[in-house]
Amino acid sequence: MSQQDLITLPRLCARLPRLLVDLPGIVKGLRISNRSRGTYATGLGSCVELAAQQNPQGLAMIQGENSLTYAAFNQWANRIAHYLDSRGLQQGDTVALFMENRLELLACVTACAKLGLVSALVNSSQRGQVLAHSINLVNPKMAVVGEELLEAFEQVSPDLELATDARAFLADRPTWLDAGEAPSGWLHLAAELAKQPEHNPQPARPVQADDSCFYIYTSGTSGLPKAVVFNHGRFMKGYAMFGFGAMRLRRDDRMYVTLPFYHGTAMVVCWGSVLAGQSTLIMARKFSASRFWDEVRQYQATAFGYVGELCRYLLESPPRPEDSNNSIRIMLGNGLRPGIWQTFKQRFDIDRVVELYASSEGNVGFTNLLNLDNTVGFSPYPYAIVRYDQEREAPLRENGQLHKVKKGEAGLLLGKITDKSPFHGYTDAQKTEKSILRDVFEPGDAWFNTGDLMRDLGFRHAQFVDRLGDTFRWKGENVSTTQVEAILDGIDQVSETVVYGVEIAGTNGRAGMACIRLNAPAESFDFQAMLERLRKELPNYAVPLFLRLSKQVETTGTFKHKKGPLKEQGFDPQRCPDPLYAWIPGSDRYVPLTDELHTAIQAGAYRY
């Protein structure tokens, strides 16, 4: 880490003029956030109703050729809410929503929120056992399924603990006004709406901050997903802090979002910011690097939501003269790596990067309010970055207590559990308890273990370092996958990199392995030059010993690399379908990894 990444008083003072201009919005965001807890009557539905009341003819959302004003969207959600109410659903009941990025998804989420029902935002890419598990996990009283995912749903239908007369169908048509025809045995949701009133529903009890709003599933890179409870108070915190405190969108702003709305970045951070500004949401069905900037120009977007890998894909696309000719002035998201931060801003002429740190289940978040480079920003919530013992894979306790790291050092991020920053946990109570550290600094205190390494930059700012599951230990040293990936990403003809640890028989710890995607034929790539670069810029223990060449690196719906299958296959040619290479001790290059070489390595023929 360079010294310029540390936050100093002069750097902060240079941002004071901007801070003073933004201060009213920040104060408003903090005020809304702080009161949105307990029995306070508030929630996602009230945000939509407020926008419909104050900006009824303002454009609420666009998808393809379809567009809706705030008044029309609110009325649509109301019709769905009245229909759900007519089906006998009660406050606290769960409705599973299984569809791709469609305006109908947001209308259903809003309808449920107005009634105090809980939306289960089922990952649209899930299939088979994982899909059945995700639906059964939340015990839904009803499911709403898009036509585009009907086949996937029906394949697991026999395994679902859901009444057959509680399954509603939504046609997939070019226009949302086209109801289509429902399959036999399915409720026809769109066709039922004509009978329903358009006024705001009045639930038996007003929706409160502590009421559950939706379930968001963890990414499930390995094992079965967990359902994270996301209540209305947490949505309001996102709405307030990102909408008023960070983004401060205007009514004439348009935010382009290609991220999946079953994830919190799109549903809470992006849409919450749009609702706060009573701006326009441009919802893309799926991300496309080739169409991204063309659609930004087509819809005249002034902002967009991102995750780090999305930015990488955009940066990888061939440069075009019109790259900087776009209307974007602000981008909002997480995971933009320091190695491409400045390059991305300059190529696409982006003024502000609102980088954030948050997790679906977490109780602590950071936001880059001051447009500083290479930081997730500032956190108003109580947190601590503590020393972490990689050998024991646990925070370091001395005399029974944990200890904070010094400025510039990295450690484990903890969020203090308080009334204002509660941890709502998972649907599984045991998993919830495992995520809590107790008696951290004093007897009786409780802290949420984020599982993430962060660097203390000073002045309550931080920099994301790595996820602990992605950090491995080799030769008695800790290897940061992020650091190794950053070096590999900077090598010509390397398009994408995933670094992870694999086991070699007879050794301690895990050796480094990199799965890389090249934009050139392997036979023309200079592996020797790459190894020289790695040895020059990395400590010897961090240089990957094995390489895997892949034409496509598998990711989750939110562009996180799926490292689980890569780790499981390791460097075994019998289990790995891609070409493999190994760096033999004492040599100066990577060589093809054959079955014979793999056997020799595992037999201890080479001294690693």
Enquirer: I'd like to know if the side chain of T280 reaches the main chain of L59, judged simply by a donor and an acceptor atom lying under 3.5 Å from each other, with no hydrogens or angles considered.
Expert: yes

Enquirer: Going through the distances and angles, do V144 and F98 end up as a side chain to side chain contact (heavy atoms under 4.5 Å, CB included)?
Expert: CA-CA 6 Å; V144 181; F98 188 48; over 6 Å; no

Enquirer: Check the side chains of W447 and N449 for a donor-acceptor pair under 3.5 angstrom, ignoring hydrogens and angles.
Expert: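 No, no side-chain donor-acceptor contact under 3.5 Å.
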
Enquirer: Identify the two heavy atoms, one from A246 and one from V354, that lie closest to each other, and give their separation to 0.1 Å.
Expert: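 Closest pair (atom of A246, atom of V354, distance): CB-CG1, 3.8 Å.
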
Enquirer: Any chance you could lay out the side-chain hydrogen bond (donor to acceptor under 3.5 Å, both in side chains) test for K114 and N78, step after step, and finish with the verdict?
Expert: CA-CA 8 Å; K114 285 170 176 273; N78 288 343; 2.9 Å; yes

Enquirer: Does the pair R438/E433 count as a salt bridge with the N-to-O cut at 4.0 Å?
Expert: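 E433 and R438: salt-bridged.
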
Enquirer: Yes or no on side chain to side chain contact (heavy atoms under 4.5 Å, CB included) for T42 and V207, after CA distance, side-chain angles and deciding distance?
Expert: CA-CA 6 Å; T42 190; V207 174; over 6 Å; no

Enquirer: Any side-chain heavy-atom pair from Y239 and W271 closer than 4.5 angstrom?
Expert: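 No - every pair of side-chain heavy atoms lies 4.5 Å or more apart.
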
Enquirer: Of all heavy-atom pairs between V48 and N74, which one has the smallest distance, and what is that distance?
Expert: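 Scanning both residues completely, I find the closest heavy atoms to be CG1-OD1, 3.7 Å.
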
Enquirer: State the CZ-CG distance between R87 and D165, to the nearest 0.5 angstrom.
Expert: 6.0 Å

Enquirer: Are the side chain of Q278 and the backbone of G58 linked by a donor-acceptor contact shorter than 3.5 Å?
Expert: no

Enquirer: Do M99 and V145 have side-chain heavy atoms sitting under 4.5 Å apart?
Expert: no

Enquirer: Determine yes or no for a side-chain-to-main-chain donor-acceptor pair under 3.5 angstrom, with R254 supplying the side chain and R251 the backbone.
Expert: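 No; zero donor-acceptor contacts below 3.5 Å.
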
Enquirer: Using side-chain heavy atoms (C-beta onward) and a distance below 4.5 Å, is V353 in contact with L336?
Expert: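 Counting from C-beta outward, V353 and L336 do come under 4.5 Å.
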
Enquirer: Counting distance only, does the side-chain N/O of S36 pair as donor-acceptor with the main-chain N or O of I32 below 3.5 Å?
Expert: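 Looks like yes, one N/O pair under 3.5 Å.
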
Enquirer: Suppose we call two aromatic rings close when their centres sit under 6.0 Å apart. Are Y381 and F366 close by that rule?
Expert: no

Enquirer: Does a side-chain heavy-atom distance below 4.5 Å link M241 with L30?
Expert: yes

Enquirer: Return the CG to CZ distance between L149 and R102, rounded to the nearest 0.5 Å.
Expert: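 Result: 8.5 Å between the selected atoms.
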
Enquirer: Is any side-chain N of the basic residue among D172 and R285 closer than 4.0 Å to the acidic one's carboxylate O?
Expert: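 Judged by the 4.0 Å cut-off on N to carboxylate O distance, D172 and R285 do form a salt bridge.
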
Enquirer: How close do A266 and F261 get, heavy atom to heavy atom, and via which atoms?
Expert: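 Between these two residues, the closest heavy atoms are O-CE2, 3.6 Å.
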
Enquirer: Answer yes when E192 and R79 have at least one side-chain N-carboxylate O distance shorter than 4.0 Å, and no when they do not.
Expert: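 Judged by the 4.0 Å cut-off on N to carboxylate O distance, E192 and R79 do not form a salt bridge.
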
Enquirer: Report the distance from atom OG1 of T94 to atom CG of L137, rounding to the nearest 0.5 Å.
Expert: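 Rounded to the nearest 0.5 Å, the OG1-CG separation comes out at 10.0 Å.
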
Enquirer: If the plane angle is over 60° it's perpendicular, under 30° parallel, otherwise tilted; pick one for H82 and H199.
Expert: perpendicular

Enquirer: Do H232 and L44 have side chains that get closer than 4.5 Å, going by heavy atoms?
Expert: yes

Enquirer: Just by distance, no angles: are the side chains of E496 and Y313 close enough, under 3.5 Å, to form a donor-acceptor pair?
Expert: yes

Enquirer: Would you call F448 and T450 a side-chain contact if the rule is heavy atoms closer than 4.5 Å?
Expert: yes

Enquirer: Could you tell me how the ring of Y306 sits relative to the ring of F304: parallel (under 30°), tilted (30 to 60°) or perpendicular (over 60°)?
Expert: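 Rings of Y306 and F304: perpendicular, over 60°.
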
Enquirer: Counting distance only, does the side-chain N/O of T375 pair as donor-acceptor with the main-chain N or O of G377 below 3.5 Å?
Expert: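 Checked: pair present.
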
Enquirer: Using every non-hydrogen atom in the two residues, find where A240 and S33 come nearest and quote the distance to one decimal.
Expert: CB-N, 3.9 Å

Enquirer: Are L115 and D93 close enough that some pair of their side-chain heavy atoms sits under 4.5 Å apart?
Expert: no

Enquirer: Quick check against the 3.5 Å criterion: does Y217 have a side-chain atom that pairs as donor or acceptor with the backbone of S134?
Expert: yes

Enquirer: Quick one: do the E154 and W186 side chains pair a donor with an acceptor below 3.5 Å?
Expert: yes

Enquirer: Determine yes or no for a side-chain-to-main-chain donor-acceptor pair under 3.5 angstrom, with E485 supplying the side chain and V499 the backbone.
Expert: yes

Enquirer: Side chain to side chain contact (heavy atoms under 4.5 Å, CB included) for S119 and V95? Distances and angles first, verdict last.
Expert: CA-CA 5 Å; S119 300; V95 178; 5.6 Å; no

Enquirer: If only side-chain N and O atoms count, and only distance matters, is there a donor-acceptor pair under 3.5 Å linking Q208 with T39?
Expert: no

Enquirer: Is the backbone of G88 close enough, under 3.5 Å, to the side chain of Q90 for a donor and an acceptor to pair up by distance?
Expert: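 Here the side-chain-to-backbone pair exists.
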
Enquirer: Should R167 and S157 be marked as a side-chain hydrogen bond (donor to acceptor under 3.5 Å, both in side chains) after you check the CA-CA gap, both sets of side-chain angles, and the distance that decides it?
Expert: CA-CA 10 Å; R167 307 176 187 205; S157 184; 2.3 Å; yes

Enquirer: Which heavy atom of A81 sits nearest to which heavy atom of A111, and what is that distance?
Expert: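 Heavy atoms only, the tightest pair is N-CB, 3.5 Å.
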
Enquirer: Is it true that D159 and N136 share a donor-acceptor pair across their side chains at a distance under 3.5 Å?
Expert: no

Enquirer: Indicate whether the side chain of S421 and that of T418 have a donor and an acceptor atom separated by less than 3.5 Å.
Expert: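 Judged by distance alone, the side chains do pair up.
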
Enquirer: Minimum heavy-atom separation for M247 and A303, please, with both atom names.
Expert: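 Here M247 and A303 meet closest at CE-CB, 4.1 Å.
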
Enquirer: Do side-chain atoms of N334 reach the backbone of Y357 as a donor and acceptor pair under 3.5 angstrom?
Expert: no

Enquirer: Rounded to the nearest 0.5 Å, what's the gap from CE on M142 to CG on L189? Could you check?
Expert: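 Answer for the CE-CG pair, M142 versus L189, is 6.5 Å.
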
Enquirer: Rounded to the nearest 0.5 Å, what separates atom CG in D445 from atom CG in L437?
Expert: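 It is 9.5 Å, given to the nearest 0.5 Å.
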
Enquirer: With the side chain counted from C-beta on, respond yes when V257 and M283 share a heavy-atom pair under 4.5 Å apart, and no when they do not.
Expert: no

Enquirer: Could you check whether E100 pairs with K286 (Lys NZ or Arg NE/NH1/NH2 to Asp/Glu carboxylate O, under 4.0 Å)?
Expert: yes

Enquirer: With rounding to the nearest 0.5 angstrom, report the CZ to OG1 distance, R291 to T258.
Expert: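 Taking CZ in R291 and OG1 in T258, the distance rounds to 10.0 Å.
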
Enquirer: Side chain to side chain contact (heavy atoms under 4.5 Å, CB included) between F464 and L356: does it pass, once the steps are laid out?
Expert: CA-CA 10 Å; F464 179 80; L356 64 96; over 6 Å; no

